[in-house]
Amino acid sequence: MQLENKFLLDYRRMFRLLEGGGTFVAFDTETTGLSPQTATIIEIGAVKFNSSGIIGKFNTLINPGFHIPSRITDLTGINDQMVKDKPFIKDILKDFLDFLDDSIIIGHNVQFDLRFLQSECQKNGFKYPLNQVIDNLRFSRWAFAGESKFNQEIMAERLNIKIKEAHRAYDDAFVCGNIFLSLIKHTADKQKI
């Protein structure tokens, strides 16, 4: 599945985008598996922010319509009981797309989440958003070129960002947004090049 989003790879522009009034949405999903062809989204969490701070939040559990595999429950803590009375993806997808609006999307290894979002849009008859995208994983590799590990938990620890509940969409999105802001500060000298 080819993503048509424009990925922002000129990391020197990030500071200018933030300071210039850009609106960003850090988002994360929890899913029933690794492939959008066979799995579905069971939680979406997102934080909308600009240079002034948080301007919006989106967080919902989603009923997949089938049993959540035990390995996913072990990883996320999300079980069948938690989602049994929650909306189906088709019922909340428009709200999430409206929340994204034309903001710049940020995620850690964001292609994973975008592929699921694209698949759900196709399955449910929604237009997939072609927002600009920043992948915090790529940004982290550029900012800490001498390091070897860049997963979100390691980057949060490296940047002194507290994680409350890893592998839950909203907290992961919140941490992702804070990693982005910390990377901006950490790379201030590179940003001026």
Side-chain angles (χ1 to χ4, degrees), residues 1-31 36 40-62 86-143 152 155 161 168-188 190-192:
M1 185 178 306
Q2 182 66 35
L3 297 172
E4 297 178 33
N5 301 82
K6 180 181 178 189
F7 280 74
L8 299 175
L9 302 175
D10 181 358
Y11 300 114
R12 289 180 294 267
R13 288 185 56 211
M14 302 305 152
F15 180 80
R16 293 190 304 271
L17 286 170
L18 183 64
E19 292 303 308
T23 301
F24 301 81
V25 172
F27 98 107
D28 186 63
T29 61
E30 300 304 333
T31 65
T40 188
I41 297 172
I42 54 173
E43 186 177 35
I44 297 175
V47 180
K48 184 180 283 191
F49 63 95
N50 60 23
S51 61
S52 298
I54 294 175
I55 54 177
K57 299 175 184 181
F58 188 96
N59 187 27
T60 187
L61 288 166
I62 299 162
K86 299 300 178 188
F88 295 102
I89 187 74
K90 66 180 180 173
D91 299 322
I92 62 93
L93 198 50
K94 182 181 183 322
D95 292 337
F96 181 63
L97 297 173
D98 289 345
F99 179 81
L100 286 176
D101 194 26
D102 63 352
S103 59
I104 299 166
I105 296 172
I106 303 172
H108 205 87
N109 192 25
V110 71
Q111 294 88 337
F112 176 86
D113 303 287
L114 289 176
R115 285 189 185 103
F116 270 90
L117 182 60
Q118 183 179 41
S119 176
E120 296 296 356
C121 284
Q122 288 174 347
K123 289 182 212 173
N124 292 287
F126 289 95
K127 184 178 177 188
Y128 174 70
L130 296 178
N131 301 44
Q132 294 182 333
V133 176
I134 298 168
D135 187 345
N136 260 2
L137 178 60
R138 291 180 184 179
F139 194 6
S140 298
R141 287 179 177 149
W142 177 77
Q152 184 157 294
M155 288 307 301
I161 297 167
R168 288 302 303 268
Y170 181 78
D171 195 53
D172 283 350
F174 185 79
V175 169
C176 179
N178 280 296
I179 288 173
F180 172 75
L181 293 172
S182 293
L183 288 172
I184 294 284
K185 290 177 188 169
H186 176 78
T187 60
K190 289 184 182 184
Q191 302 293 347
K192 296 172 186 168

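These numbers were taken from a predicted model, which means no experiment stands behind them.
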statement: C121 and P129 have their tightest heavy-atom pair at SG-CD, 4.3 Å

query: What are the two closest non-hydrogen atoms of A173 and G45, and how far apart are they?
result: CB-O, 3.4 Å

query: Near K57 NZ, under 6.0 Å, is it more than 12 heavy atoms from other residues, nucleotides or ligands?
result: no

Where C176 and I106 come nearest, the two heavy atoms and their spacing: SG-CG2, 3.7 Å

field: Sub-4.5 Å side-chain heavy-atom contact between I89 and I44
entry: yes

- prompt: Can you find a pair of side-chain heavy atoms, one from R13 and one from L8, that are under 4.5 Å apart?
  reply: yes

message: Could you report the tightest heavy-atom contact between D135 and N109, atom names first, then the distance?
response: OD1-N, 2.9 Å

- prompt: When you measure from the side chain of D113 to the backbone N and O of D28, does any donor-acceptor pair fall under 3.5 Å?
  reply: no

query: Atom CG in N5, atom CD1 in I134: separation rounded to 0.5 Å?
result: 12.0 Å

Between CG on residue D102 and CG on residue N131, distance to nearest 0.5 Å: 7.0 Å

task: Measure the spacing between CG of D98 and CD1 of I92 and express it to the nearest 0.5 Å.
output: 11.0 Å

message: One pair to check against side chain to side chain contact (heavy atoms under 4.5 Å, CB included): I161 and I179. What are the steps and the verdict?
response: CA-CA 7 Å; I161 297 167; I179 288 173; 3.7 Å; yes

query: Do S140 and H108 touch side chain to side chain, with heavy atoms closer than 4.5 Å?
result: yes

- prompt: Which of these passes ring pair (Phe, Tyr, Trp, His ring centres under 6.0 Å) with F96: Y128, F27, F116?
  reply: F27

query: Can you check whether N136 reaches L183 side chain to side chain, under 4.5 Å on heavy atoms?
result: yes

- prompt: What distance do I41 atom CD1 and L61 atom CG have between them, rounded to the nearest 0.5 Å?
  reply: 12.5 Å

message: Evaluate N124 against F88 for side chain to side chain contact (heavy atoms under 4.5 Å, CB included), listing each step before the verdict.
response: CA-CA 11 Å; N124 292 287; F88 295 102; over 6 Å; no

field: T60 OG1 to D95 CG distance, which is reported to the nearest 0.5 Å
entry: 9.0 Å

query: Are V110 and F7 side-chain neighbours, meaning at least one heavy-atom pair lies under 4.5 Å?
result: yes

message: Donor-acceptor pair, distance only, cut-off 3.5 Å: does the side chain of E43 make one with the backbone of A169?
response: yes

query: Nearest 0.5 Å, what's the CG-CG distance between D91 and L93?
result: 10.0 Å

field: Non-hydrogen atoms of F99 and K48 that approach each other most closely
entry: O-NZ, 2.5 Å

- request: Just do the side chain to side chain contact (heavy atoms under 4.5 Å, CB included) check on T31 and F112 with the steps written out, would you?
  value: CA-CA 10 Å; T31 65; F112 176 86; 3.6 Å; yes

- request: Name the orientation class of the two ring planes belonging to F24 and F49 (parallel below 30°, tilted from 30 to 60°, perpendicular beyond 60°).
  value: parallel

field: Close side-chain approach of I62 to K86, heavy-atom, < 4.5 Å
entry: no

Full working for side chain to side chain contact (heavy atoms under 4.5 Å, CB included) between W142 and D10: CA-CA 10 Å; W142 177 77; D10 181 358; over 6 Å; no

